[in-house]
Amino acid sequence: MSEGSIEEGLRAELQRQGIWVTSMQELYNWGRKNSIWPLQFGLACCAIEMIATAASRYDIARFGGEVFRPSPRQADLMIVAGTVTKKMAPQIVRLYNQMPDPKYVISMGACAISGGPFKQGYNVLKGIDRYIPVDVYIPGCPPRPEALLHAFMELQRKIDSQKLSGGDKADFLKKEQPSEFPVPAFGEHDLNPPANKDVYQPPKLERV
Amino acid sequence: MTPKPYLFIVVFAGVALMFPVLPLALAWLWRKFFQPPKPGAQKNAIYECGVESIGEAHIQFRSQYYLYAILFLIFDVEAIFLVPFAVAFTGLPIGAFIAVLVFLLLLIEGLVWAWGKGCLSWANK
């Protein structure tokens, strides 16, 4: 998995003999990926599915993510569950800014991805990824709890593959990578700016 | 060998001290070697609801409900004292009787004062 560690074959042989070998990076990522604390907030109907995921039937606690925190200071993961209105967007960006690194975002449902069925609405943000970087997108309207669990496992996989050192180390460990993103302000007709150019590039239309 | 009962307390205190200090020290070392600090204006903001705080926290509250507090004392707290007073009335010495009367007079003074302020009458008559 990590560079500089022992090869897989030797490791498997040692494991068979009852010796477990690990590296700092694997230990760290193992701890992180199994204790992801989400930020406790829901925006619309996707939040109901998120609540169902946290409840006993789907039980996100199996993945170590049951500790929904009411404060961004204690949260690792922001699940944007629902339609983001333009009135709500600055608050969400501000909450994201207040989360400590490393922090991750799951964009849950069609609304959080693109505005969904309310895309034509004058007051609906066309995707939260215009302002904050998103790690996992879940399509669906609303996505079922299994889909959220799948996204959660995808995020765990991503955390597991993040490197602690070297040139391709994780973004949150780089000094130049920002931890705060500019909060949009209420403009005359739209949020100002309408998108953060550093994290969002509009998809290019190609006529064929 | 004589048993040393206090040795266990010393060991216990040592473990109890290491239990919180060790993770904190590890976290500090981790931050020092791996994680670059990224403070910011919003990250360090005091209010953590996503909403910007307005004004200062050090404002003076106007105690507009003090009249209700006085009336509550008169009609509610006084009743609690009056019931045992009435039950034990025949067996009371004269000193206790006078003490209760002083207590009652103090509260009646509050009632007279509230009456004089006009808070016993409806506002929109």
Side-chain angles (χ1 to χ4, degrees), chain A residues 2 23-25 27-29 31-32 35 39-43 69-76 78 80 84-85 87-103 128 131-132 162-166 169-186, chain B residues 1 6-69 72-73 76-77 123:
Chain A
S2 62
S23 65
M24 196 75 158
Q25 174 180 304
L27 197 66
Y28 179 59
N29 284 342
R32 280 197 312 137
S35 63
L39 184 57
Q40 184 181 38
F41 79 104
L43 298 175
R69 303 311 293 180
S71 164
R73 317 264 191 224
Q74 305 163 356
D76 307 304
M78 173 181 251
V80 184
V84 186
T85 57
K87 196 174 184 181
M88 196 66 194
Q91 275 73 260
I92 292 186
V93 178
R94 211 172 277 125
L95 281 176
Y96 178 79
N97 287 345
Q98 289 185 340
M99 284 162 66
D101 280 301
K103 49 189 171 185
I128 191 60
Y131 292 115
I132 55 177
Q162 283 187 320
K163 296 218 165 40
L164 281 186
S165 53
K169 64 182 175 184
D171 276 347
F172 67 92
L173 295 172
K174 293 174 182 161
K175 263 204 175 65
E176 67 278 4
Q177 188 73 20
S179 179
E180 284 192 13
F181 289 89
V183 178
F186 297 126
Chain B
M1 182 187 159
Y6 288 107
L7 186 66
F8 291 107
I9 295 177
V10 171
V11 171
F12 186 77
V15 171
L17 195 69
M18 289 314 285
F19 194 73
V21 166
L22 202 68
L24 284 175
L26 278 175
W28 183 80
L29 281 174
W30 187 271
R31 189 192 65 81
K32 201 152 179 64
F33 288 111
F34 287 103
Q35 188 115 25
K38 293 176 183 175
Q42 280 165 26
K43 217 176 192 179
N44 296 343
I46 298 164
Y47 201 49
E48 48 191 44
C49 268
V51 184
E52 266 182 314
S53 53
I54 300 168
E56 288 188 29
H58 298 145
I59 56 167
Q60 282 189 330
F61 285 96
R62 288 179 61 183
S63 53
Q64 291 178 329
Y65 289 100
Y66 71 100
L67 281 174
Y68 294 95
F72 178 78
L73 275 181
D76 202 288
V77 179

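Reminder, nothing fancy here: chain letters follow the sequence lines and each chain counts from 1.
For NZ of A:K87, the number of neighbouring non-hydrogen atoms (other residues, nucleotides, ligands) closer than 6.0 Å is 12 at most.
Contact annotation for residues 30-37 of chain B against chain A (heavy-atom separation below 4.5 Å, listed by residue number): B:W30, B:F34, B:Q35, B:P36. Interface residues of residues 40-54 of chain B toward chain A, defined by a heavy-atom distance below 4.5 Å and sorted by number: B:G40, B:A41, B:Q42, B:K43, B:A45, B:I46, B:Y47, B:E48, B:C49, B:G50, B:V51, B:E52.
Heavy-atom distances place no part of A:M88 under 4.5 Å from chain B, backbone and side chain included. Both the backbone and the side chain of A:F172 come within less than 4.5 Å of a heavy atom of chain B. Of the atoms belonging to A:K174, it is backbone heavy atoms, and not side-chain ones, that fall under 4.5 Å from chain B. Contacts between A:P70 and chain B at a heavy-atom distance below 4.5 Å are absent for every atom of the residue.
Put simply, the side chain of B:K38 never gets that close to the backbone of A:E176: no donor and acceptor are under 3.5 Å apart.
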